[in-house]
Chemist: 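Here it is: the structure, laid out below.
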Amino acid sequence: MAEFNIALIPGDGIGPEIVSGAVTVLDAVSKKYGHKFNYQEVYMGGCAIDKYGVPLPQETVDICKKSDSVLLGAVGGPKWDSQPSENRPEKGLLGIRKALELYSNLRPSILKPQLKDASPLKDEKLEKGLNVMVVRELTGGIYFGERKKAEDGSWASDTEKYSVEEIKRIGKIAFETAMLRDKRVVSVDKANVLESSRLWRKTMIELSADYPEVELTHMYVDNAAMQLAINPAQFDVIVTSNIFGDILSDLSSAIAGSIGMLPSASLGATKCGMYEPIHGSAPDIAGMDIANPIATIVSAAMMLEMSFGLVEEAKAINDAVDKVLDQNYRTTDIMSDGMKKVGCKEMAKLIAENI
Ligand code: NAD
């Protein structure tokens with residue numbers, strides 16, 4: 001029996017519904033395996049702006065820092081779109097990543113055989129399946145670089161800047177992840193144009209000397225997008241910068257079917273990670289009990305494995321998801337002919353019952 005403190009950030013839109021679904025499943029794990037999960041719910045995003053006037057209250061940062069891990073739903077929505085840029089819900093997200101020093105984002109995209117029809121790619125492109133891990137740098141690059149704009153609004157600029165240290169630490173995560181998989185890393189950059197990408201490539205090559213078993217290749221980002229669409233099975237691990245990773249991981253997840261299925265882990269220097277679905281707050285379906293909770297539930301599984309070392313328990317969650325899909329239960333986003341449609345709550349309950 002083990003005890004863990006989990007900070008819950010339900011956030012906005014469908015966030016509270018899907019986090020509640022994940023808690024239902026975590027409670028089933030705790031009952032079966034005798035672990036104790038202590039949850040503490042905190043505000044971030046639009047709901048924090050409404051309550052505290054800021055997207056990331058200090059109290060939220062403090063509680064997350066003291067926790068063993070953080071489980072996040074999603075933040076944002078049209079209600080807060082008119083907020084000034086420094087006070088938008090997404091600022092909370094960038095702020096908490098920075099505060100917890102979560103410099104790497106791992107996004108596995110796996111095509112489940114049960115959901116092959118949900119992929120936009122033709123069957124022939126999916127014959128060899130899809131199992132790619134996108135390792136995205138999360139606290140550097142253009143999203144955090146210097147921003148400028150002319151007072152008269154006639155120009156604006158953002159800056160892509162990376163240090164060798166930043167590239168090395170994300171590279172290490174990618175190589176070590178590859179060591180546990182098929183031992184192939186594709187480093188994605190734009191080294192034919194960008195100075196920062198040339199440093200990225202040079203550093204990855206130097207780092208690869210420490211991982212002789214891993215095959216390192218390089219791809220320009222435009223080609224990587226094309227290759228993902230025409231031959232996704234060729235990839236094992238992709239490592240790339242913040243902005244390229246943001247775009248490519250959405251593409252790889254779309255190939256795997258619904259955005260409502262895919263988890264992510266953000267990790268840093270400590271074992272305290274932040275786990276969240278890759279989708280947003282889906283304001284169009286919020287409060288309707290039709291959101292797919294699986295991405296958040298499998299994010300919780302990643303948390304058990306990567307932050308708590310509970311490998312068997314994580315597998316129990318993933319197996320339960322497969323069982324429920326095998327029993328033909330589907331939420332609206334992954335519904336197809338002959339399947340049984342269930343809501344968000346019911347889907348979580350079914351998964352919990354299969355633990
Ligand atoms: P989104 O991911 O919220 O929604 C895109 C589409 O996918 C919508 O049609 C939505 O209904 C659907 N969808 C998303 N998650 C689903 C789920 N679990 N089950 C079923 N369908 C699902 O992206 P968006 O519409 O571009 O953004 C909405 C808001 O979310 C914006 O305010 C955006 O800034 C924010 N956002 C937050 C995060 C985050 O918190 N990590 C990430 C992306 C976007």
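Start at 1 and go down the list; that is how both ligands and their atoms are numbered. None of the values given here were measured: they were computed from a predicted structure.
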Chemist: Has ligand 1 got any nitrogen or oxygen that is less than 3.5 angstrom from a nitrogen or oxygen of P277?
Modeler: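 Min N/O separation from ligand 1 is not below 3.5 Å for P277.
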Chemist: Tell me the protein heavy atom at minimum distance from atom 22 (C) of ligand 1, and give that distance in Å.
Modeler: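 Ranking protein heavy atoms by distance from atom 22 (C) of ligand 1, first comes I285 CD1, 4.0 Å.
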Chemist: Out of K79, M347, E90, R88, whose heavy atom sits nearest atom 34 (O) of ligand 1?
Modeler: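 Minimum heavy-atom distance to atom 34 (O) of ligand 1 goes to E90.
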Chemist: Angle class for the Y33/H35 ring planes (parallel below 30°, perpendicular above 60°, tilted otherwise)?
Modeler: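 Aromatic pair Y33/H35 classed parallel.
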Chemist: Select the closest option to atom 28 (C) of ligand 1 among G76, G260, P283, judged by heavy-atom distance.
Modeler: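 Answer by nearest heavy atom: P283.
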Chemist: Within a strict 4.5 Å, meaning less than it, do heavy atoms of the I6 and S67 side chains meet?
Modeler: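 No - every pair of side-chain heavy atoms lies 4.5 Å or more apart.
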Chemist: Does atom 24 (P) of ligand 1 have a protein non-hydrogen atom under 4.0 Å from it?
Modeler: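 No, because not a single protein heavy atom sits under 4.0 Å from atom 24 (P) of ligand 1.
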Chemist: Are any non-hydrogen protein atoms located under 4.0 Å from atom 36 (N) of ligand 1?
Modeler: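 So far as the 4.0 Å threshold goes, atom 36 (N) of ligand 1 is in reach of a protein heavy atom.
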Chemist: Between R88 (side chain only) and D81 (backbone N and O only), is there a donor and an acceptor less than 3.5 Å apart?
Modeler: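 A pair under 3.5 Å: yes.
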Chemist: What protein heavy atom is closest to atom 3 (O) of ligand 1, reported as residue, atom name and distance in Å?
Modeler: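 Heavy-atom neighbour on the protein nearest atom 3 (O) of ligand 1: A282 N, 2.8 Å.
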Chemist: Can a protein heavy atom be found under 4.0 Å away from atom 5 (C) of ligand 1?
Modeler: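 Given the 4.0 Å limit, the answer for atom 5 (C) of ligand 1 is no, no protein heavy atom qualifies.
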Chemist: Answer yes if a protein heavy atom lies under 4.0 Å from atom 41 (N) of ligand 1, otherwise answer no.
Modeler: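 It does; a protein heavy atom is within 4.0 Å.
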Chemist: When you compare the side chain of R136 with that of N242, does any pair of heavy atoms fall below 4.5 Å?
Modeler: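 Touching, per the 4.5 Å side-chain cut-off.
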Chemist: Just to check, does A291 reach to within less than 4.0 Å of ligand 1 when the distance is taken from its heavy atoms?
Modeler: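 Contact present.
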Chemist: So which of G11, G77, P293 gets nearest to atom 32 (O) of ligand 1, if we judge by its closest heavy atom?
Modeler: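 It is G77 whose heavy atom sits nearest to atom 32 (O) of ligand 1.
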Chemist: Is D284 close to ligand 1, meaning an N/O of one under 3.5 Å from an N/O of the other?
Modeler: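 There is such a contact, yes.
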Chemist: Relative to atom 43 (C) of ligand 1, which among G280, C344, S281 owns the nearest non-hydrogen atom?
Modeler: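 Of the listed residues, G280 has the closest heavy atom.
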Chemist: Is the closest N or O pair between L93 and ligand 1 shorter than 3.5 Å?
Modeler: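 N/O-N/O distance under 3.5 Å: no.
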